[in-house]
Amino acid sequence: IELERQDKEREGYFYVTDAAACKRKVFYDFKKDIPKNEVDTSVLRKFVQGNSIHEKLVGILEKAGVVAAKEINIPENQYNIHGRVDAMLEINSEKIILEIKSIADYGFRKLKEPKTEHVYQLQLYLFFFNIKRGYLLYESKDNQNLQQFEIKLNINTVKRALKNILAIEDYIKNSEVPPRDFLKNSWQCKSCPYKDHCYSSP
């Protein structure tokens with residue numbers, strides 16, 4: 001499961017998803033001695049479901065003959081950022097990055113544009129692979145409806161994403177606990193393994 005893989009592999013480097021994550025949560029990840037809540041089994045089930053949706057959609061594209069590679073690690077880079085692309089497509093000799101996201105139908109129906117955290121993630125993939133465009137493909141978990149958004153490489157967005165990660169790096173180097181980035185009733189806080197420790201601390 002991706003959630004377990006990330007928990008085990010946090011060994012002094014960042015993930016592309018940290019670009020839009022709560023800085024305090026990432027800071028706690030690096031400190032390693034911060035008490036965690038047990039992961040809710042519903043969270044684990046969501047990750048399992050998300051992985052199966054990824055496999056299904058990439059499998060369909062493989063049969064269509066447009067998948068050049070899947071689950072590719074990004075190249076080593078000066079920012080010490082790691083990540084794994086869902087699929088690299090090749091259409092008319094052009095390489096295109098595909099990221100697949102699964103969300104509940106309530107959120108899917110409200111989706112008029114891609115989520116910022118997903119845009120940051122894809123922009124970093126485009127930047128590190130030096131590819132000009134990619135797609136964010138969303139599937140509703142409830143009825144398998146699909147929406148896709150084309151994302152073109154935008155250096156200003158890449159800079160904003162990198163700035164967020166570099167800010168976390170500064171907090172870690174200075175052993176300074178970052179401020180909370182989200183409100184207590186947000187989904188990010190509700191699903192955070194550090195929520196009890198975080199809200200019992202300044």
Which distance, rounded to the nearest 0.5 Å, do you find between the [atom1] of [X] and the [atom2] of [Y]?
X	Y	atom1	atom2	answer
Asp18	Ile81	CG	CD1	8.0 Å
Leu124	Ile74	CG	CD1	7.5 Å
Asp196	Asn37	CG	CG	4.0 Å
Ile131	Leu126	CD1	CG	7.0 Å
Glu150	Leu136	CD	CG	11.0 Å
Asp33	Tyr28	CG	OH	10.5 Å

side-chain contact (heavy atoms from CB on, under 4.5 Å) partners of [X], counting only residues at least two apart:
X	result
Glu62	Val58, Val67, Lys70
Leu146	Leu57, Leu137, Glu139
Lys141	Lys46, Gln49, Ile53, Ser102
Ile155	Phe127, Leu153, Lys159

Show the numbers, then the answer: is there a side-chain contact (heavy atoms from CB on, under 4.5 Å) between Cys192 and Lys25? CA-CA 8 Å; Cys192 180; Lys25 191 266 182 190; 3.6 Å; yes
Heavy atoms of other groups near [X] [atom1], more than 12 under 6.0 Å:
X	atom1	answer
Asn143	CG	yes
Glu113	CD	no
Asn92	CG	no
Lys31	NZ	yes

Please determine whether side-chain contact (heavy atoms from CB on, under 4.5 Å) holds for the pair Leu162 and Tyr79, giving the CA-CA distance in whole Å, both sets of side-chain angles, and the decisive distance to 0.1 Å. CA-CA 8 Å; Leu162 291 173; Tyr79 303 97; 3.8 Å; yes
Enumerate the ring pair (Phe, Tyr, Trp, His ring centres under 6.0 Å) contacts for [range], please, sequence neighbours excluded, ordered by first and then second residue.
range	answer
residues 85-115	none
residues 80-102	Tyr13-His82
residues 137-159	His118-Tyr138, Tyr138-Phe149

Would you say [X] and [Y] make side-chain contact, with heavy atoms under 4.5 Å?
X	Y	value
Ile151	Pro114	yes
Glu99	Gln121	yes
Ile72	Arg84	no

Taking the side chain from Asn51 and the backbone from Glu55, do they hold a donor-acceptor pair closer than 3.5 Å? no
Would you check if the side chain of Asp142 reaches a backbone N or O of Ala104 as a donor-acceptor pair within less than 3.5 Å? no
side-chain contact (heavy atoms from CB on, under 4.5 Å) between Lys95 and Phe129, intermediate numbers included: CA-CA 10 Å; Lys95 292 286 176 62; Phe129 279 103; over 6 Å; no
Check side-chain hydrogen bond (donor to acceptor under 3.5 Å, both in side chains) between Arg109 and all other residues, then give those that pass, not counting sequence neighbours. Asp105
Glu94 meets the side-chain hydrogen bond (donor to acceptor under 3.5 Å, both in side chains) criterion, sequence neighbours left out, with Arg133
Taking every non-hydrogen atom, the tightest pair across [X] and [Y]:
X	Y	result
Val16	Gly83	CG2-CA, 4.3 Å
Ile165	Phe14	CG2-CG, 3.7 Å
His197	Ser200	O-OG, 2.9 Å
Ser201	Arg180	O-NH2, 2.9 Å
Lys115	Leu111	CG-CD1, 4.2 Å

Please enumerate all residues that pass ring pair (Phe, Tyr, Trp, His ring centres under 6.0 Å) together with His54, with sequence neighbours excluded. none
Between Gln147 and Lys112, do the side chains contain an N or O donor and an N or O acceptor separated by less than 3.5 Å? no
Salt bridge (Lys or Arg N to Asp or Glu O under 4.0 Å) pairs touching residues 181-191, sequence neighbours excluded, are Lys23-Asp181
Among the clusters formed by ILVMFWY side chains lying less than 4.5 Å apart, do [X] and [Y] turn up in the same one?
X	Y	answer
Val85	Ile100	no
Tyr135	Tyr125	no
Ile96	Leu98	yes
Tyr120	Leu122	no

Is it true that Phe27 and Tyr194 have ring centroids separated by less than 6.0 Å? no
Quick one: side chain to side chain donor-acceptor pair (under 3.5 Å) pairs with a partner in residues 161-174, sequence neighbours left out? none
Under the 6.0 Å and 45° cation-pi test, does Arg24 pair with Phe182? no
Just do the side-chain contact (heavy atoms from CB on, under 4.5 Å) check on Gln123 and Val119 with the steps written out, would you? CA-CA 6 Å; Gln123 286 286 352; Val119 172; 4.0 Å; yes
